[in-house]
Engineer: 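Encoded as structure tokens, here's the structure I'll be asking about.
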Amino acid sequence: MKRIPDMRYLLLLMIFCFTRSYSQLQQVSITRSAEKIKKNSSARTQAVIPLTLPFWDDFSFNSANAGTPKFSHPSDSLWFGRSVWVNNGMGINTPTYNVATFDGIDSLGMPYSINIPTAKGLADRLLSRPLRLDLINPLVRDSVFIFFYYQWKGRGEAPDPTDEFSLWFKGGTHAWTKIWADTIKNHKDSLFIPVKIFIPDTSYFHANFQFKFQNYARLSGPFDTWNLDYVYVSNGQPKYFPALQYKDFPDRAFTGPISSPFRQYQSLPIKHLLASGKSALTKPSVWVNNLRADKTPTQNGAEPRNLAAHLTTTTRLNKVVTSATIKLDSVSSASELLFRVPVLFTFDSLLNLSGVNPHTDSLAFTFMANIHEGDNSIKKSILVNGNPTTVGDYDTIVYKGIDFRHNDTVRTRYTVKDYYAYDDGVAEYAVTLTQPGAYAAYQFDMFYPQPDTLRAFDIYFPHVGDESNQVIKVLVYDTLTVGGASLTGTNKKGILTQQSLIVTRTANDSLVRVVLDTAVLVTNKFFMGWKQNSFATIGVGLDKDTDSGQKIFYNTIGTWQQNTLIKGNLMIRPIFGKGTVNVTTGIKENNFAVYPNPNQGIFYLPPAVNGVQVVDIAGRIVSYDLTEQIDKTQISLLNPAGGIYLVRFFDGIRWQVQKLMVLP
């Protein structure tokens with residue numbers, strides 16, 4: 001007789017019984033590897049030297065330009081702590097390229113509370129380095145203020161009514177005081193709200209003033225999201241040229257990467273690209289924002305701005321790599337720049353592929369754009385035709401030491417080789433199925449006029465807190481039936497190939513290459529999918545920067561449904577090339593059915609099964625006797641009572657969970 005003492009499994013089965021009618025896909029946080037920090041005495045000494053005002057961070061100091069890195073932490077030169085993460089995927093309509101995101105996970109993507117799912121408390125914190133407010137002239141101290149933008153939810157999870165995002169100041173006695181706070185109120189998730197708070201209290205003007213942002217949230221995952229951008233503390237100084245009191249800030253900034261030159265995808269097979277002509281191409285574009293508050297239709301008017309752009313094409317042919325850079329003719333927009341009215345600048349032409357050798361192994365297109373009339377143009381008076389004229393808007397006294405050009409350049413790279421990719425290579429979250437026996441599938445539309453050989457795929461299984469050994473089934477479909485209708489028409493085979501796969505979890509966006517046991521021919525449209533065999537949390541990387549969520553489908557109760565909740569791109573990349581193709585008329589899954597069903601407490605499973613577990617409808621573990629026979633395994637429940645039971649077992653290839661009815 002076997003008894004099952006693992007109460008964790010009991011809890012999971014109870015959750016399964018409670019949620020199986022509506023569970024589908026879930027977004028979960030990713031556990032990330034710690035970044036290596038150089039340790040030396042000079043760096044530690046540098047870290048505690050107080051800064052002088054003004055203070056400014058739009059979270060672009062993490063890299064040489066706005067395009068890299070994609071995922072990081074606030075700059076150590078301005079902040080203490082690493083629980084808040086800097087990214088360009090979680091904000092909507094951001095003031096500048098990056099934001100700092102606050103939620104319920106720490107710097108490694110781990111929940112602050114693992115054992116209590118409903119636990120609430122202080123979560124992320126962003127603490128400034130000390131600031132020398134004592135150096136501010138007493139005559140202008142009442143003009144010193146802190147400014148920032150914040151956003152509720154963005155592309156994350158909505159905060160609950162009791163959650164809070166707050167700002168705190170440290171006084172001369174080292175006591176912290178809450179200066180400002182906000183709950184969810186009636187905010188829109190696409191709106192960044194500006195906040196300006198003066199610092200008139202003399203107790204804050206000491207040699208080690210600090211401020212911090214923090215959130216009160218659910219501590220068990222990536223919940224209750226707030227985004228922060230463009231933090232500024234003024235020095236209280238008045239602007240020179242009193243007649244030209246330009247409002248903050250003399251800053252024009254990119255708000256995101258240069259978009260893909262390919263329709264739908266971030267990458268596609270080079271053979272498909274060259275065969276598609278212009279049908280797979282689109283004109284890249286990039287958003288630019290104006291942070292100067294007095295540039296409105298009724299005040300000073302819009303600012304004309306031009307973008308300078310270059311394209312570097314890197315070619316790999318027969319192991320020889322060559323590169324060439326050209327200046328693009330122009331990047332134009334339909335309107336000029338007004339305050340906080342982002343303008344889309346579109347490149348004037350498609351990629352020119354006429355000179356590409358059809359035998360090329362891979363291509364890389366690196367776009368670089370720069371705001372041509374850049375920031376930090378010093379405000380000064382010059383004579384134009386004998387008349388004094390003011391040029392520039394950068395006040396060297398008010399903004400002393402600030403370089404607004406950090407966000408004036410963006411570089412984005414797109415690679416073309418042998419695969420399709422919706423994702424950009426960086427996962428902010430992961431997606432997991434919620435129950436055994438559930439399926440997910442991801443639709444790919446081919447830019448190729450004839451069948452081609454699908455031989456492998458890349459997939460990202462990030463660490464999501466569950467490190468158990470798991471096996472899933474991966475499948476390739478040529479059609480799905482959703483709502484009674486085939487997505488690809490008639491005369492399709494359904495499952496083209498399937499195989500078991502041991503889940504290999506990796507860190508920091510490292511993809512795993514899976515070669516198909518049998519290569520398959522696909523045409524026009526196909527689906528990459530997987531089946532969950534257990535209650536384990538098995539995550540697939542989710543990139544939030546763009547959205548192909550309508551291409552994701554799931555099946556939990558026997559019918560396929562289109563995803564409507566998850567926004568983003570799965571990190572699954574089908575790979576094309578040479579391979580032995582098995583001509584098939586369609587494959588059916590070989591699931592063993594428990595029999596007889598219904599029964600009176602005695603039933604049969606496949607031979608040589610492992611890990612048999614039985615629970616009743618209330619989630620209680622049921623004891624049984626197991627007898628191995630030549631061609632089957634007999635299970636005899638001890639003291640069976642009539643009702644519904646769940647039976648879980650491993651058949652040597654995959655885990656199965658089946659429903660069983662015991663007659664009274």
Side-chain angles (χ1 to χ4, degrees), residues 8 11-12 14-16 18-19 22-32 71 73-74 81-87 89-92 99-127 150-168 176 178 180-193 212-228 427-435 462-466 535-539 541-542 544 565-568:
R8 292 174 297 176
L11 175 61
L12 288 171
M14 291 176 67
I15 294 173
F16 168 69
F18 179 75
T19 64
Y22 60 86
S23 58
Q24 41 176 296
L25 298 166
Q26 286 186 353
Q27 179 176 295
V28 297
S29 59
I30 292 175
T31 303
R32 297 185 177 272
F71 190 104
H73 300 282
R82 307 174 72 82
S83 64
V84 173
W85 51 283
V86 172
N87 64 89
M90 294 304 297
I92 301 175
V99 298
T101 297
F102 295 69
D103 53 23
I105 55 178
D106 62 19
S107 61
L108 300 182
M110 291 294 293
Y112 287 100
S113 175
I114 298 176
N115 298 323
I116 306 176
T118 59
K120 289 273 193 175
L122 294 179
D124 287 338
R125 184 184 70 165
L126 183 59
L127 173 65
Y150 75 102
Q151 182 179 65
W152 167 84
K153 185 179 179 289
R155 291 193 174 96
E157 197 264 349
D160 299 324
T162 58
D163 296 331
E164 181 183 82
F165 184 57
S166 57
L167 169 67
W168 298 65
W176 286 94
K178 186 195 298 186
W180 169 92
D182 194 8
T183 57
I184 65 170
K185 293 186 178 178
N186 296 314
H187 300 325
K188 296 181 179 179
D189 59 8
S190 61
L191 179 67
F192 269 86
I193 302 172
K212 64 180 178 180
F213 294 93
Q214 63 187 37
N215 66 316
Y216 181 89
R218 184 151 47 122
L219 302 176
S220 55
F223 309 117
D224 309 332
T225 304
W226 303 85
N227 293 315
L228 175 70
E428 285 82 11
Y429 288 102
V431 166
T432 180
L433 290 164
T434 58
Q435 63 188 54
H463 296 275
V464 292
D466 187 333
F535 285 105
T537 302
I538 303 170
L542 180 69
K544 299 283 285 187
L565 297 179
I566 300 295
K567 304 295 184 183

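Here the structure is a predicted model, which means the values were calculated and not measured. Worth knowing before you read on, the calculation uses all heavy atoms, side chains too, and leaves out hydrogens, waters and symmetry mates. All residue numbers refer to positions in the sequence shown, counting from 1.
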Engineer: Tell me if a side-chain donor or acceptor on N87 pairs with a main-chain N or O of M90 at a distance below 3.5 Å.
Structural biologist: yes
Engineer: What's the separation between atom CG in N227 and atom CD1 in I193, rounded to the nearest 0.5 Å?
Structural biologist: 11.5 Å
Engineer: Minimum heavy-atom separation for D124 to D103, with atom names?
Structural biologist: OD2-N, 2.9 Å
Engineer: At what distance, to the nearest 0.5 angstrom, does CD of Q214 lie from OG of S83?
Structural biologist: 10.0 Å
Engineer: Are D182 and Y150 linked by a side-chain donor-acceptor pair shorter than 3.5 Å?
Structural biologist: yes
Engineer: Donor-acceptor pair, D224 side chain versus A217 backbone, under 3.5 Å?
Structural biologist: no
Engineer: To check you understand the geometry: which heavy-atom pair defines the closest contact between P222 and Y429, and what is its length?
Structural biologist: CB-CE2, 3.0 Å
Engineer: Minimum heavy-atom separation for V464 to A430, with atom names?
Structural biologist: CG1-CB, 3.8 Å
Engineer: Check this for me, if you would: do R82 and D106 make a salt bridge, where the nitrogen-to-carboxylate-oxygen distance has to be below 4.0 angstrom?
Structural biologist: no
Engineer: Which heavy-atom pair separates T162 from Y216 by the least distance, and what is that distance?
Structural biologist: O-CD2, 3.7 Å
Engineer: Between K567, K544, E157, which is the residue that forms a side chain to side chain donor-acceptor pair (under 3.5 Å) with Q27?
Structural biologist: K544
Engineer: Which residue, V28, L25, I538, forms the side-chain contact (heavy atoms from CB on, under 4.5 Å) with V431?
Structural biologist: L25
Engineer: Would you please name every residue forming a ring-ring contact (aromatic ring centres under 6.0 Å, His included) with F102, sequence neighbours left out?
Structural biologist: F165
Engineer: I'd like to know if the side chain of T432 reaches the main chain of G539, judged simply by a donor and an acceptor atom lying under 3.5 Å from each other, with no hydrogens or angles considered.
Structural biologist: no
Engineer: For I92 versus Q151, what's the shortest heavy-atom pair and its separation?
Structural biologist: O-NE2, 2.8 Å
Engineer: Which residues pass the salt bridge (charged side-chain N to carboxylate O under 4.0 Å, His left out) test with K178, sequence neighbours left out?
Structural biologist: E164
Engineer: Say you draw a straight line from CZ of R218 to CG of D160; how long is it, rounded to the nearest 0.5 Å?
Structural biologist: 6.0 Å
Engineer: Rounded at 0.5 Å granularity, tell me how far OG1 in T225 sits from CG in D163.
Structural biologist: 10.0 Å
Engineer: Under a 3.5 Å distance rule, please check whether S113 uses its side chain to pair with a backbone N or O of A119 as donor and acceptor.
Structural biologist: no
Engineer: For atom CG of L122, is the number of surrounding heavy atoms from other residues, nucleotides or ligands below 6.0 Å larger than 12?
Structural biologist: yes
Engineer: Using every non-hydrogen atom in the two residues, find where G104 and A123 come nearest and quote the distance to one decimal.
Structural biologist: CA-CB, 4.3 Å
Engineer: Donor-acceptor pair, distance only, cut-off 3.5 Å: does the side chain of H73 make one with the backbone of V84?
Structural biologist: yes
Engineer: First locate atom CG of L565, then atom CD of Q26, and finally report the distance between them rounded to the nearest 0.5 Å.
Structural biologist: 10.5 Å
Engineer: State whether W176 and K212 meet the cation-pi test: NZ (Lys) or CZ (Arg) under 6.0 Å from the six-membered ring centroid, and within 45° of the perpendicular axis.
Structural biologist: yes
Engineer: Using a 4.5 Å cut-off on heavy atoms from C-beta on, say whether the side chain of T183 contacts that of W152.
Structural biologist: no
Engineer: If we only count heavy atoms from C-beta on, is the L228 to F213 side-chain gap below 4.5 Å?
Structural biologist: yes
Engineer: Looking at NZ of K120 and OG of S220, how far apart are the two atoms once the value is rounded to the nearest 0.5 Å?
Structural biologist: 9.0 Å
